[in-house]
Amino acid sequence: MKVYEFGAEREKTFAMFQCAAEPWWAFKDSAEAMARDYHVFLFIADGHDELGTEFVSIEKNVDDAAAYLRGKGVSRLDAMYGVSMGGASVIRFLATQDIPVGKAIIDAGITPYPYPKWVCRLIAAKDWVTVMLGTKSYRIMKLAMPPERWTPKGQDPEEHYRRIFEFEKHHFSAKTIYRTFWSTNNYSMPDPIPCVDAEIEYWYGEEEKRARRRDLAYTRKTYPQTVPREFMGLAHAELVLMQPERFYREVTRFLQKST
């Protein structure tokens, strides 16, 4: 795991977990925006970190993050955010109660499948094929995520996409992609799940509402205090990746909300 820190001079703490199959710098603008007010820890999972590692599991992702924070003297986090695979990491992190968290945002967080293992294996294989095609084919990547929508403001679309493609081509191995999607869909949770007193919002884009229905239901059952928040006109992870200033405003709205 690679950890990038921003705003180290700030007193309040804010941890961020990335989504799968994206380079770390795709989250840099949003992390830097949050660093205006918080000491931000941006956790980049194994296999995504440019260190030649392979992804292992959500469980290891959470354990490594907690160990890093303890090593930095953090005994309590003011806030935590994670998107997709990162949202899964937040869901498990809260349940481990390793380090207490004041407020948490689970953005389109993935929850464990309730299906038989053979069904889960088939789903993982399908996800693996889909993502491998997207990360190895420049044309398919652009078809799946049109540049006119998925290029950050002020950047050249061709340069932006070529940079992402080269990163994914050289850093995301077949093993990492498979393990990432298998573990994100099948990670373990404590049994019984302890009572967690963190304030929680579950975010999702309007365009992924149906896909997140089961995940939201699981999260609200696991953490009954969870408040859902739908973002009109947005797709999966679009807010944190494409709209850092709006991301900052939305996170700040929640974190400054009185209890």
Side-chain angles (χ1 to χ4, degrees), residues 1 3 12-20 38 40-48 55-117 120 123-124 179-204 211-229 236-237 240 251 254-255 257 259:
M1 170 178 279
V3 186
K12 294 183 292 185
T13 51
F14 182 77
M16 293 180 67
F17 287 99
Q18 66 167 126
C19 63
Y38 290 84
V40 177
F41 299 89
L42 174 58
F43 296 109
I44 305 301
D46 292 334
H48 297 66
F55 187 85
V56 176
S57 67
I58 292 293
E59 291 87 342
K60 184 176 185 297
N61 209 35
V62 168
D63 290 346
D64 287 353
Y68 183 89
L69 290 167
R70 288 195 302 270
K72 287 287 184 172
V74 178
S75 58
R76 182 186 184 279
L77 279 164
D78 291 294
M80 176 173 281
Y81 167 89
V83 58
S84 193
M85 175 184 78
S89 293
V90 174
I91 290 169
R92 179 172 167 83
F93 194 106
L94 293 172
T96 64
Q97 296 191 315
D98 200 336
I99 295 176
V101 179
K103 295 192 177 188
I105 298 169
I106 301 166
D107 188 351
I110 310 301
T111 57
Y113 282 146
Y115 314 128
K117 281 291 183 277
C120 295
I123 295 171
R179 286 179 175 176
T180 293
F181 283 88
W182 168 258
S183 184
T184 300
N185 292 331
N186 298 281
Y187 59 92
S188 63
M189 290 285 283
D191 185 16
I193 295 172
C195 180
V196 173
D197 61 5
E199 293 182 59
I200 302 170
E201 283 194 353
Y202 187 100
W203 293 4
Y204 59 91
R212 299 281 76 80
R213 190 173 297 161
R214 185 185 62 81
D215 296 317
L216 174 58
Y218 176 97
T219 305
R220 296 185 79 179
K221 181 179 179 181
T222 304
Y223 306 121
Q225 71 270 42
T226 300
V227 177
R229 183 168 177 81
H236 188 68
V240 66
V251 174
F254 172 54
L255 299 188
K257 184 175 66 174
T259 55

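Scanning all heavy atoms of the two residues, the minimum distance from F254 to E199 falls at CZ-O, 3.6 Å. Heavy-atom minimum distance, C19 versus H48: O-CD2, 4.4 Å. In terms of heavy atoms, A198 sits closest to Q225 at O-NE2, 2.8 Å. Residues K103 and L255 share a closest heavy-atom pair of NZ-O, 3.3 Å. Looking at every heavy atom in both residues, H236 comes nearest to S84 through NE2-OG, 2.9 Å. Nearest heavy-atom pair across A65 and M1 is N-SD, 3.9 Å.
For the side-chain contact (heavy atoms from CB on, under 4.5 Å) test, residues two or more places apart in sequence or in another chain that qualify with P194 are Q97, P190. Not counting sequence neighbours, the partners of Y115 by the ring-ring contact (aromatic ring centres under 6.0 Å, His included) test are Y113. Taking D215 as the reference, I110, T111, Y202, R212 meet the side-chain contact (heavy atoms from CB on, under 4.5 Å) condition, with sequence neighbours excluded. In terms of the side-chain contact (heavy atoms from CB on, under 4.5 Å) criterion, residue partners of A15 (sequence neighbours excluded) are, by chain and number, F43, L77, M80. Contacts of K12 classified as side-chain contact (heavy atoms from CB on, under 4.5 Å), with partners at least two apart in sequence or in another chain: Y38, D78.
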Chi angles and distances behind the side-chain contact (heavy atoms from CB on, under 4.5 Å) call for N61, D46: CA-CA 8 Å; N61 209 35; D46 292 334; 6.0 Å; no
Steps toward side-chain contact (heavy atoms from CB on, under 4.5 Å) verdict (L94, I200): CA-CA 10 Å; L94 293 172; I200 302 170; 3.8 Å; yes
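By the 4.5 Å heavy-atom criterion applied to side chains, I105 and R229 are not counted as neighbours. Counting heavy atoms from C-beta on, the side chains of S183 and K60 never come closer than 4.5 Å. Using a 4.5 Å cut-off on side-chain heavy atoms (C-beta onward), E59 and R92 make contact. Side-chain contact between M189 and I91 is present, with heavy atoms from C-beta onward closer than 4.5 Å.
Within the structure, every pair that satisfies the ring-ring contact (aromatic ring centres under 6.0 Å, His included) test and touches residues 77-99, not counting sequence neighbours, is listed here: Y81-F247.
Using modelled atom types, one side-chain atom of Q18 and one backbone atom of A45 make a donor-acceptor pair closer than 3.5 Å. When atom types are taken as modelled, the side chain of Y204 and the backbone of R213 share no donor-acceptor pair closer than 3.5 angstrom.
To the nearest 0.5 Å, the span separating CZ on F55 from OG1 on T184 amounts to 5.0 Å. Separation of atoms CD1 (I99) and OH (Y68) is listed at 12.0 Å; rounding is to 0.5 Å. The CG atom of L69 sits 11.0 Å away from the CG atom of D64 when rounded to the nearest 0.5 Å. From F181, atom CZ reaches atom CG of N186 across 12.5 Å, with rounding to the nearest 0.5 Å.
Among I106, D107, V62, V101, the one residue that satisfies the side chain to side chain contact (heavy atoms under 4.5 Å, CB included) test with V90 is I106. When S57, S89, P112 are each tested for a side chain to side chain contact (heavy atoms under 4.5 Å, CB included) with Y187, only one passes: P112.
Within the cation-pi definition used here (under 6.0 Å to the ring centroid, within 45° of the axis), K72 does not qualify as a partner of F41.
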